[in-house]
> 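The following block contains the structure, expressed as structure tokens.
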Amino acid sequence: MTRSPGREALLRATITVVARGGLRDLTYRAVAAEAGVSHGLVRHHFGSRDQLIAAALEFAVEKSLHETSMRVAATDAASFASGIESHARRSEEIEAFQYELLLESRRRPELRPYVERYYETYRTATRERLHELGVHDEELVEAIWFALDGIVLKQLTLGDGADVDRVLTRIRRLVAEASAH
């Protein structure tokens, strides 16, 4: 989908507002102030707060998948999930925004479909990359997906460190072993 620069600026502003203060701070006025536009422009582009949230989540997921190389064909186990190591540091606002929505969906069931789409998009990308490498054990695929999700959450909350590198090295060994079978 092609986005206008103005619309993209509003999506980025939405991510910033939510990452900073949670969904409780998400208003047209807050997004407009962050983007430096009138609040009527936010309403014009998105119509409703829920449409704004949905569009911002879709934008955030695509940016995240691109930055972690999960949208690029996997060539070998050693390159699998490249970018995960530094992703949360590079894209802290995007990740914080996404996790804010995940947590808020516990309190607001209307957010559940967005969260389900979020998870399915990441699962599918992980599954596709692993299938390209010859890994078809669906339980292993799911375990790797959960591990990668946990790594990003840990990086976001506590920062990254040597333990992330060790875990990713082990995941890549698992991928190499599974693809050899």
> Given side chains that start at C-beta, do those of Arg127 and Thr124 come closer than 4.5 Å, heavy atoms only?
yes

> For the residue pair Ala30 and Asp25, what are the closest heavy atoms and their distance?
CB-O, 3.5 Å

> Find out whether Arg7 and His44 are in side-chain contact, i.e. whether some heavy atom of one side chain is under 4.5 Å from a heavy atom of the other.
no

> Pair Thr16, Phe97 - check side-chain contact (heavy atoms from CB on, under 4.5 Å), show working.
CA-CA 7 Å; Thr16 298; Phe97 167 79; over 6 Å; no

> In chain order, what residues pass the ring-ring contact (aromatic ring centres under 6.0 Å, His included) check against Phe146, with sequence neighbours excluded?
none

> Hydrophobic clustering (ILVMFWY, side-chain heavy atoms < 4.5 Å, transitive) - are Ile15 and Val37 grouped together?
yes

> Measuring from atom CD of Glu62 to atom OG1 of Thr121, what distance do you get when rounded to the nearest 0.5 angstrom?
7.0 Å

> Roughly how far, to the nearest 0.5 Å, is CZ of Phe46 from OG1 of Thr14?
6.0 Å

> Which class fits the ring pair Tyr119 and Trp145: parallel under 30°, tilted 30 to 60°, perpendicular over 60°?
perpendicular

> Passes side-chain contact (heavy atoms from CB on, under 4.5 Å), Glu142 versus Arg123? Steps please.
CA-CA 8 Å; Glu142 192 75 0; Arg123 275 190 178 111; 2.9 Å; yes

> Any side-chain to backbone donor/acceptor pair from Ser64 onto Ala60? Under 3.5 Å, distance only.
no

> What distance do Ile144 atom CD1 and Leu148 atom CG have between them, rounded to the nearest 0.5 Å?
7.5 Å

> Please identify which of these residues, Leu168, Ile171, Thr75, meets the side chain to side chain contact (heavy atoms under 4.5 Å, CB included) condition with Phe80.
Ile171

> Can you tell me which residue among Arg12, Arg20, Arg29 is in a salt bridge (charged side-chain N to carboxylate O under 4.0 Å, His left out) with Glu34?
Arg20

> Quick one: pull up CD in Gln98 and CG in Leu103 and give me the separation to the nearest 0.5 Å.
12.0 Å

> Identify the heavy atoms of Leu133 and Ala74 that sit nearest to each other, and give their distance.
CG-CB, 3.7 Å

> Run the side-chain contact (heavy atoms from CB on, under 4.5 Å) test on Val115 and Arg108 for me, step by step, so that the C-alpha distance in whole Å, both residues' side-chain angles and the decisive distance to 0.1 Å come before the verdict.
CA-CA 11 Å; Val115 168; Arg108 295 186 45 209; over 6 Å; no

> Taking the side chain as C-beta and beyond, is there a heavy-atom pair between Leu23 and Ile53 under 4.5 Å?
yes

> Is Glu120 salt-bridged to Arg117, going by a charged N under 4.0 Å from an acidic O?
no

> Is the NE2 atom of His136 crowded by more than 12 outside heavy atoms at less than 6.0 Å?
yes

> With a 4.5 Å limit on heavy-atom distance, are the side chains of Thr169 and Arg166 in contact?
no

> With rounding to the nearest 0.5 angstrom, report the CD1 to CG distance, Ile94 to Leu156.
11.5 Å

> Is there a continuous path of hydrophobic side-chain contacts, each under 4.5 Å between heavy atoms, that joins Val72 to Val175?
no

> Which atom pair, heavy atoms only, marks the closest approach of Leu10 to Ala35?
CD2-CB, 3.8 Å

> So, for Ala96 and Ala19, which heavy atoms are closest and what is the spacing to 0.1 Å?
CB-CB, 3.8 Å

> Is the closest side-chain heavy-atom distance between Ser79 and Asp76 below 4.5 Å?
yes

> Could you tell me which non-hydrogen atom of Leu65 sits nearest to which non-hydrogen atom of Ala125, and how far apart they are?
CD2-CB, 3.8 Å

> Assess the residue pair Leu130 and Leu140 against the criterion (side-chain contact (heavy atoms from CB on, under 4.5 Å)); give the C-alpha distance rounded to whole Å, side-chain angles, the decisive distance to 0.1 Å, and a yes or no.
CA-CA 10 Å; Leu130 290 170; Leu140 179 59; over 6 Å; no

> Donor-acceptor pair, distance only, cut-off 3.5 Å: does the side chain of Arg71 make one with the backbone of His66?
no

> Any chance you could measure Leu111, atom CG, to Asp50, atom CG, to the nearest 0.5 Å?
6.5 Å

> Find out whether Tyr28 and Leu41 are in side-chain contact, i.e. whether some heavy atom of one side chain is under 4.5 Å from a heavy atom of the other.
no

> Using every non-hydrogen atom in the two residues, find where Arg129 and Met70 come nearest and quote the distance to one decimal.
NH1-O, 2.6 Å

> For the pair Arg112 and Glu116, find out whether any cationic side-chain nitrogen is under 4.0 Å from an anionic carboxylate oxygen.
yes

> So do Thr126 and Asp149 actually touch side chain to side chain, heavy atoms under 4.5 Å?
no

> Would you find more than 12 non-hydrogen atoms of other residues, nucleotides or ligands less than 6.0 Å from Glu110 atom CD?
yes

> Quick check: Tyr118 with Tyr114 (ring centres under 6.0 Å apart)?
no

